[in-house]
Number of protein chains: 2
Amino acid sequence: MPNSIDNKRRQKETLYQFFAHIGKALSNPHRLELVDLLTQAPRTVEELAAVAHMSIANTSQHLQRLKQARLVLDEREGVYIRYRLADDAVARLWQELRAVTEQQMAEVRDALDAYRDRRYEFEQISMAELRQRLQNGDVVLIDVRPEVEYAAGHISGALSFPLEDMAQRLNSLPPDLPVVAYCRGPYCVLADQALALLTGRGRQVARLEEGVWEWQQAGYVLSD
Amino acid sequence: MPNSIDNKRRQKETLYQFFAHIGKALSNPHRLELVDLLTQAPRTVEELAAVAHMSIANTSQHLQRLKQARLVLDEREGVYIRYRLADDAVARLWQELRAVTEQQMAEVRDALDAYRDRRYEFEQISMAELRQRLQNGDVVLIDVRPEVEYAAGHISGALSFPLEDMAQRLNSLPPDLPVVAYCRGPYCVLADQALALLTGRGRQVARLEEGVWEWQQAGYVLSD
DNA sequence: TTAGAATTCAAGTATTCTATTGAATAATGT
DNA sequence: ACATTATTCAATAGAATACTTGAATTCTAA
């Protein structure tokens with residue numbers, strides 16, 4: 001009965017279409033940037049549009065797409081609608097996608113070096129070492145992401161120093177101690193910019209390449 | 001200097017385009033089926049086309065696409081060209097994609113139940129229990145995938161009983177013992193079909209839902 | 001009822017995709 | 001060198017999708 005065989009084929013096709021559907025949702029740079037931002041903190045459409053430099057209508061469209069693929073959830077909050085990642089599995093998927101991309105394509109390095117052009121000016125510090133030095137108290141750790149993201153969860157012991165208003169608050173940084181800065185992770189320039197500012201003032205600095213999510217994945221402690 | 005800001009934006013866009021590029025490579029059902037097949041064993045274009053029921057030209061096109069995204073590698077082998085997954089990270093990515101899809105979309109269950117319609121007729125056995133019973137020697141484990149895949153690596157202790165020529169070889173199965181069958185993993189019908197054949201002969205049977213890759217991920221032993 | 005947030009709609013453009021051809025390439029065996 | 005085989009390339013056609021924008025609409029809170 002060739003019919004039942006055709007039928008089986010169709011069913012298999014159907015199954016694979018679901019997987020492809022998620023693949024499609026991940027096939028647009030803007031959507032990936034949205035996913036990345038949502039990895040840091042839940043946000044409203046307005047906020048996402050602002051941070052990602054997109055029109056609100058466009059942002060909404062892309063969010064709809066992600067929502068349809070069940071990668072994000074939305075929740076009404078008064079007059080706003082706040083989006084969040086549907087699940088930690090989505091963050092893992094995004095992380096695997098980055099890992100594969102980075103490993104497979106040397107061009108990514110180049111693109112990253114272009115984007116984070118001061119990357120190699122700063123010493124890097126590992127998560128393990130940072131944790132050690134935090135315990136010793138011989139280092140200041142600052143989170144330079146916007147306050148929303150800090151509020152949604154940050155490395156335990158980190159101070160919030162959003163890049164945006166860092167210039168005005170430089171004096172409130174504990175003096176003398178070396179400063180470690182972190183932001184969203186390896187694809188984020190905020191910490192680089194903060195460190196540039198600080199070295200200009202003669203501070204000793206280092207960057208933690210990882211972000212909050214990686215910190216938590218590694219089994220270290222967060223606060224919120 | 002607004003120019004340098006525009007520039008940064010462009011660079012960020014470039015970066016995210018690389019990720020999106022991999023996403024695109026994963027956005028077509030046929031390509032995903034190819035990836036899935038390559039998870040089991042390296043294969044030539046011809047073989048892949050046959051198993052996936054696609055034209056050779058088309059299969060080649062899709063493989064080019066995957067190759068361009070560096071998800072697969074090709075290697076000339078005499079007159080054939082054999083494709084393989086570029087890296088185990090690709091298998092992990094594929095596995096995360098399936099995990100998210102399955103978790104996020106209830107429809108996948110339905111599609112799977114339609115495709116594997118005899119799924120619930122057979123008892124399932126966990127990897128841990130199977131390993132135990134293999135050690136006790138009170139069960140026969142058969143690998144019902146095509147021989148190429150068995151040759152590329154199989155669960156240690158499994159006998160090769162490709163579904164295709166199973167009917168003729170039924171007698172060479174050790175009698176009396178219960179039979180456990182496995183194939184490519186949870187999205188593969190081969191084992192179900194084999195078990196249907198065996199219960200028809202009055203054998204006691206069970207299915208291992210996982211495939212070789214999952215077995216190995218779990219830290220168990222393979223042979224090749 | 002009004003204002004603000006978010007979504008939907010319509011529209012247009014652009015792009016991309018798949019599947020197909022037939023020719024070209026590369027390795028093999030004679 | 002030649003014929004053979006497997007695969008890729010180039011070119012195409014047509015369909016289908018995708019992205020973005022601005023205007024209209026829905027929904028909520030006050």
Side-chain angles (χ1 to χ4, degrees), chain A residues 9-10 13-14 16-35 37-38 42-69 71-84 148, chain B residues 9-10 12-14 16-35 37-38 42-84 148:
Chain A
R9 258 209 256 317
R10 242 197 318 283
E13 178 96 354
T14 309
Y16 277 90
Q17 260 159 6
F18 282 110
F19 304 129
H21 193 243
I22 303 281
K24 270 196 186 140
L26 299 174
S27 71
N28 175 283
H30 288 312
R31 281 197 293 274
L32 290 178
E33 186 172 359
L34 293 176
V35 168
L37 288 170
L38 292 175
R43 297 180 192 258
T44 66
V45 179
E46 226 187 4
E47 291 170 349
L48 286 168
V51 183
H53 305 286
M54 302 165 57
S55 79
I56 289 193
N58 198 196
T59 305
S60 175
Q61 298 272 52
H62 282 301
L63 285 169
Q64 287 311 306
R65 198 82 191 280
L66 289 171
K67 177 178 162 187
Q68 196 200 345
L71 297 179
V72 306
L73 302 174
D74 60 343
E75 198 180 3
R76 181 132 228 152
E77 210 171 80
V79 82
Y80 294 95
I81 291 182
R82 195 171 297 274
Y83 281 87
R84 68 183 69 251
V148 227
Chain B
R9 258 210 256 316
R10 243 196 319 281
K12 196 209 283 181
E13 177 97 353
T14 309
Y16 276 90
Q17 259 158 7
F18 281 109
F19 303 130
H21 193 243
I22 304 281
K24 269 196 184 139
L26 299 174
S27 71
N28 174 282
H30 288 311
R31 282 197 291 275
L32 290 178
E33 186 171 359
L34 293 176
V35 168
L37 287 171
L38 291 175
R43 296 184 192 255
T44 66
V45 179
E46 219 185 13
E47 290 170 351
L48 287 168
V51 183
H53 304 287
M54 303 165 57
S55 78
I56 290 194
N58 197 202
T59 305
S60 174
Q61 300 269 62
H62 282 300
L63 286 170
Q64 287 310 305
R65 199 80 195 283
L66 289 171
K67 177 177 160 188
Q68 197 199 344
R70 317 284 171 82
L71 298 179
V72 306
L73 301 174
D74 60 342
E75 197 181 2
R76 182 134 226 148
E77 208 171 81
V79 82
Y80 296 96
I81 290 183
R82 193 171 297 275
Y83 281 85
R84 68 184 68 251
V148 227

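Quick note on labels: first sequence line is chain A, next is B, and so on, each numbered from 1. Worth saying up front: this structure is predicted, and the values here are computed from it rather than measured.
A salt bridge (Lys or Arg N to Asp or Glu O under 4.0 Å) check over residues 49-69 of chain A, counting only residues at least two apart or in different chains, returns the pairs A/Lys67-A/Asp74. Each side-chain hydrogen bond (donor to acceptor under 3.5 Å, both in side chains) pair with one or both residues in residues 44-54 of chain B, not counting sequence neighbours, appears once here: A/Arg9-B/His53.
In this structure, B/Leu66 atom CG and C/dC17 atom C1' are separated by 14 Å, rounded to whole Å. Regarding A/Leu48, its CG atom lies at a distance of 10 Å from the P atom of C/dT7, rounded to whole Å. One interatomic measurement links the two molecules: NE2 of A/His62 to C1' of C/dT7, which rounds to 15 Å at whole-angstrom precision. For the pair A/Asn58 CG and D/dA23 P, the interatomic distance rounds to 16 Å; values are reported in whole Å. In this structure, the CD atom of A/Glu75 is 19 Å from the P atom of D/dC27, given to the nearest Å. Atoms OH (A/Tyr83) and C1' (C/dA6) sit 8 Å apart, rounded to a whole Å. Atom CD1 of A/Ile56 and atom P of D/dC19 are 19 Å apart (whole Å). Protein atom CD of A/Gln68 is 14 Å distant from nucleotide atom C1' of C/dT8, rounded to whole Å.
Judged by distance alone, the side chain of B/Arg76 and the main-chain N or O of B/Gly78 form a donor-acceptor pair under 3.5 Å.
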Give each protein N/O atom lying under 3.5 Å from an N/O atom of nucleotides 1-5 of chain C, with the pair distance.
residue	atom	partner	partner atom	Å
C/dA5	OP1	A/Glu46	OE2	3.4

_Between B/Glu75 and B/Arg82, does the salt bridge (Lys or Arg N to Asp or Glu O under 4.0 Å) criterion hold? Intermediate values first, please._
CA-CA 5 Å; B/Glu75 197 181 2; B/Arg82 193 171 297 275; over 6 Å; no

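Partners of B/Val79 under the side-chain contact (heavy atoms from CB on, under 4.5 Å) rule, at least two apart in sequence or in another chain, do not exist in this structure. Residues passing the salt bridge (charged side-chain N to carboxylate O under 4.0 Å, His left out) test with B/Lys24, sequence neighbours excluded: none. In this structure, the side-chain contact (heavy atoms from CB on, under 4.5 Å) partners of A/Ala49, at least two apart in sequence or on a different chain, are A/Ile56, A/Thr59. By the side-chain hydrogen bond (donor to acceptor under 3.5 Å, both in side chains) test, A/Tyr80 is found to be paired with no residue, residues two or more places apart in sequence or in another chain being considered. In this view, A/Gln68 satisfies the side-chain hydrogen bond (donor to acceptor under 3.5 Å, both in side chains) rule with no residue, not counting sequence neighbours. Every residue meeting the ring-ring contact (aromatic ring centres under 6.0 Å, His included) condition with B/His30, not counting sequence neighbours, appears here in chain and number order: B/His62. Partners of A/Gln17 according to the side-chain hydrogen bond (donor to acceptor under 3.5 Å, both in side chains) rule, which considers only residues two or more places apart in sequence or in another chain, do not exist here.
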_Reading 5' to 3' through nucleotides 9-17 of chain D, protein heavy-atom contacts under 4.0 Å coded B for base, S for sugar-phosphate only, - for none_ = S-B------

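In terms of position along DNA chain D, the nucleotide closest to B/Leu63 lies nearer the 5' end than the nucleotide closest to the other residue of the pair A/Met54 and B/Leu63. Toward the 5′ end of DNA chain D lies the nearest nucleotide of A/His30, the other residue of the pair A/His30 and A/Gly78 mapping further downstream.
If you check every strand for non-hydrogen atoms under 4.0 Å, B/Arg82 touches nothing.
Inter-axis angle, ends of the helix from C/dT1-D/dA30 to C/dT30-D/dA1, five pairs per end, rounded to 10 degrees: 40°.
In this structure, CG on B/Leu32 lies 13.5 Å from CZ on A/Phe18, to the nearest 0.5 angstrom.
Listed pair A/Asn28 / D/dC19 meets the phosphate criterion, a side-chain N or O lying under 4.0 Å from OP1 or OP2.
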